[in-house]
Peer 1: 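Pasting in a structure now, in structure tokens, and then I'll have a few things to ask.
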Amino acid sequence: MIVRQRVDWKYTAILLLLLLGFVFPAAAEDVPFIQFGDRFHPVPGHGGMVVSQEALASRVGAEILRQGGNAVDAAVATGFALAVTLPQAGNIGGGGFMLVHLAERNETIAIDYREMAPAKAHRNLFLDESGNADAEKSRYSALATGVPGTVAGLVHAQEKYGKLPLRTVIAPAIKLAENGFEISYPLSFSFRYARDRLAANPAASGYFLNADGTAKAVGERLVQRDLAATLKRIANQGADGFYSGKTADLIVIQMSKSGGLIDHDDLAGYRVVERTPVWGRYRNYQVASMPPPSSGGVHLVEMLNILEGWDLESMGHNSADYLHRLIEAMRRAYADRSKYLGDPDFETVPVQALIDKDYAARLREGIATDRATPSSEVAPGLPVPEESPQTTHYSVWDADGNVVSNTYTLNFSYGNGIAVAGAGFLLNNEMDDFSAKPGVPNAFGLLGGEANAIEPRKRPLSSMTPTILFKDGDPVLATGSPGGSRIITAVLQLILNVVDFQMNIAEATAAPRIHHQWYPDTVDAEPGISPDTVARLKALGHEVKTAPWAIGRTQSISRDQSVFQGMTDYRWPGGEAVPAEGVNILQNNP
Ligand code: GLY
């Protein structure tokens, strides 16, 4: 906590200097990041920080830090808590990716706990009798469910890199499920939005809707006893409490009731994989991000490499010159994504070639600065499918310098809407992230998506981009986002805002974003990109439309010496940045 007397004289001094015409960051160690010109400010704190899309879960993580847990303990606690308090995306029935930086070992590890296709899955699983992709089947049926990886991933991380007992870090989630919590406005809104889908499944309806089928309202309590019992089995037995015994039985029973493929062998055979992160260098920073089967890290680094060749700062933030280059870099990276990316345990993914600086330079040379390149001229492949904006990210940092950047998901909001009766949790529809119909020529007669074809036990391609930025070997920023295919471009812009435009993470988060993913050949622009800029982009040949939904919801932490700065993204309400130890920001403002 700030010592009140120290703040008083400091603010007096600041006021004096302001009167003299200076605008500068506050000099002392307590709040070195405050700039008087900034319109938005992150939450400061000491002793570590947790930022997630749901306040109760962030508080759980911060409390674990206070109890002596490290960043991994806090991240695992936050992950299990989100499975209770953010049922639309927090989960134990889905999967994800965790990037862990261990300060003492100076090592960064990518933990892949992505869902796996069941053994009985095959490449034509989602084709109808006419051979066309059946979106209903791949998104809303039990066939859409991949073998969940979340519990294996969180338990793996905790047992290998945490300090506290697993029971301790799951305990807050069990309490939230058993005693219930007050439904927030964003959660009640989300229930209303998903009501019809939840109502279609008796177990989901029982867990998340009222007895009369209406959505639970703000202020009501959400008690989840079956989920609490499942979490207790995990607390007592580790991953076996999910992948074998009662929970596994309940999953398999639900599969046979709903027509899904997952059996006991699939559950027993689920494996977490530790992978080497994708590493890039951008100006004076090192970037660590998620390798395949996520496309996030590869294309983040590919885009940064392309952009590094220009002086972006001199163009001005969100100017047409700047956005044009951003769009052209995005277009080229997403074209590559459609062709080359898949599960590296099944396909040869040319990661090094895609993140090569010379390759980026060649791509950059092909970018005309005075006109848009039509996507049809960029590369062969299949259009990148629209992806659901749901998923959730959280970032954790502890006082010892350990950092966790974690993104996990059910794919769609509430997954396929099917809950496991008796076990209290929803199932993912991640199988839709495979290419349902690879190898079939598109409208231009071009091939693509083969690397992401469905195969038994394969992991579907993802866009999740948990990322840590380093300067001189020390972590300085942890970030990530939900948003389907928009995840990578949201993370990219957050990083550019910090590195090229020297924004604090609150400014960097709030700044309007754009998105282009090669196909459709249109630019999504958030409100706030000026009409003049849009007009200039249109004059260059870009088709620009207002983004149908906000682009990403980054959850970020930066560190400036001893002060942690956390920022949730208010593109969705209800998130919170919670420091282990608060810094007084309520009083004595100058
Ligand atoms: N399901 C969204 C993703 O993995 O990118």
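One-based numbering, in listed order, for ligands and for the atoms of each. All values derive from a computational prediction rather than experimental measurement. Numbering starts at 1 and runs along the sequence shown.
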Peer 1: Taking only heavy atoms of R114, which atoms of ligand 1 are found under 4.0 Å from at least one of them?
Peer 2: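 Every atom of ligand 1 under 4.0 Å from some heavy atom of R114: 4 (O).
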Peer 1: Quick one: does T522's side chain get under 4.5 Å of H516's, heavy atoms only?
Peer 2: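 The answer is no, as the side chains (C-beta and beyond) never meet within the 4.5 Å cut-off.
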Peer 1: For ligand 1, which is the ligand I care about here, please tell me if T409 has any N or O atom under 3.5 Å from one of the ligand's N or O atoms.
Peer 2: no
Peer 1: Check each heavy atom of E115 against ligand 1 and say whether those closer than 4.0 Å belong to the side chain, the backbone, both or neither.
Peer 2: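 The answer is neither; E115 stays 4.0 Å or more away.
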Peer 1: List in chain and number order the residues that pass side-chain contact (heavy atoms from CB on, under 4.5 Å) with E308, two or more places apart in sequence or in another chain; answer none if no residue qualifies.
Peer 2: R281, Y282, R283, K357
Peer 1: Evaluate the ring-ring contact (aromatic ring centres under 6.0 Å, His included) criterion for residues H101 and Y161: first the C-alpha distance (whole Å), next the side-chain angles of each, then the deciding distance (0.1 Å), finally the verdict.
Peer 2: CA-CA 10 Å; H101 176 70; Y161 304 113; over 10 Å; no
Peer 1: Looking only at heavy atoms, is any part of E430 under 4.0 Å from ligand 1, and if so is it the side chain, the backbone, or both, or is it neither?
Peer 2: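 Just the side chain.
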Peer 1: Should we count CD of E159 as having more than 12 external heavy atoms under 6.0 Å?
Peer 2: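 Above 12, so yes.
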Peer 1: Check whether any N or O atom of S462, backbone or side chain, sits under 3.5 Å from an N or O atom of ligand 1, and answer yes or no.
Peer 2: yes
Peer 1: Considering only heavy atoms of D433, which atoms of ligand 1 have at least one such atom less than 4.0 Å away?
Peer 2: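 Answer, ordered by atom number: 1 (N), 2 (C), 3 (C), 4 (O).
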Peer 1: With sequence neighbours left out, what residues match E328 under salt bridge (Lys or Arg N to Asp or Glu O under 4.0 Å)?
Peer 2: R331, R332
